[in-house]
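Take a look at the structure set out below.
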Amino acid sequence: QVQLVESGGGLVQAGASLRLSCAASGRPFDIYAMGWFRQAPGKERDLIAAINWSGDSTYYADSVKGRFTISRDNAKSTVYLQMNSLNPGDTAVYFCAASGISGVVTLLYEYDYWGQGTQVTVSS
């Protein structure tokens, strides 16, 4: 079992930056691929970034490519999402998730563990 706790969300103005953190506890962190998802009201939960266990392979959705960066520190059992140039379209609840599948995992149903989410609101 893995417990995931997100932090770092908040209310910011358009153009600002935020860094989300997701701290893991329980089973060894470095065996898991990690992902960041977001869900806006009335919309599906979408993958926006993913990273493999070692951190040397990543995936980004087109909507965040060039603005967001996913990274991980296995010694701290933490995955990060650096978000730059935020716009109102980025407003959502952001979730981190862990998958026991090797490589970069891009399918929602392949993630085994989920955090409770953190709200990000971007005002215009």
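- Annotation: the span from R19 atom CZ to M83 atom CE amounts to 11.5 Å, rounded to 0.5 Å.
- Contact record, A33 with G103: CB-O, 3.3 Å, taken as the closest heavy-atom pair.
- Here the closest heavy-atom approach between residue S123 and residue P88 is recorded as C-CG, 4.3 Å.
- Side chain of E6 to main chain of C22: no donor-acceptor pair is present (N/O by atom type, distance under 3.5 Å, no hydrogens or angles).
- The backbone N or O of N52 sits nowhere less than 3.5 Å from a side-chain atom of S57 that would complete a donor-acceptor pair.
- No chain of hydrophobic side-chain contacts below 4.5 Å, direct or via other Ile, Leu, Val, Met, Phe, Trp or Tyr residues, connects F68 to L47.
- Atom OG1 of T91 sits about 9.0 Å away from atom CZ of R38, to the nearest 0.5 Å.
- Considering all non-hydrogen atoms of both residues, S17 and Q82 come closest at CB-NE2, 3.9 Å.
- Here the side chain of T78 pairs no donor or acceptor atom with the backbone of A23 at under 3.5 angstrom.
- When all heavy atoms are compared, the tightest approach of A24 to L4 is CB-CD2, 3.6 Å.
- Considering every non-hydrogen atom in both V104 and A50, the closest pair reads CG1-CB, 3.7 Å.
- Side chain of N74 to main chain of W53: a donor-acceptor pair is present (N/O by atom type, distance under 3.5 Å, no hydrogens or angles).
- Both I31 and I70 are members of a single hydrophobic cluster when ILVMFWY side chains are connected at heavy-atom separations under 4.5 Å.
- Between Y111 and F37, the ring planes lie perpendicular to each other; the angle is over 60°, past the 30° to 60° tilted range.
- Under the 4.5 Å side-chain heavy-atom criterion for grouping Ile, Leu, Val, Met, Phe, Trp and Tyr, V105 is connected to L108 within one hydrophobic cluster.
- Rounded to the nearest 0.5 angstrom, I51 CD1 and R72 CZ are separated by 6.0 Å.
- F95 is not connected to V64 by any chain of hydrophobic side-chain contacts under 4.5 Å among Ile, Leu, Val, Met, Phe, Trp and Tyr, and they are in different clusters.
- A donor-acceptor pair is defined here as one N or O able to donate and one able to accept, closer than 3.5 Å; no such pair exists between the side chain of Y59 and the backbone of G35.
- For the atom pair OH (Y80) and OG (S7), the distance works out to 9.0 Å, reported to the nearest 0.5 Å.
- Taking CG of L20 as the reference point, atom CH2 of W36 lies at 4.5 Å (rounded to 0.5 Å).
- At least one side-chain heavy atom of L81 sits under 4.5 Å from a side-chain heavy atom of I48.
- A donor-acceptor pair under 3.5 Å links the side-chain atoms of D112 to the main chain of G100, judged by distance alone.
- The CD atom of Q3 sits 11.5 Å away from atom OG of S77, with the distance rounded to the nearest 0.5 Å.
- Using a distance-only test at 3.5 Å, with no hydrogens or angles considered, a donor-acceptor pair links the side chain of R67 to the main chain of S85.
- In this structure, V2 is not a member of the same hydrophobic cluster as W114, with clusters built from ILVMFWY side-chain heavy atoms closer than 4.5 Å.
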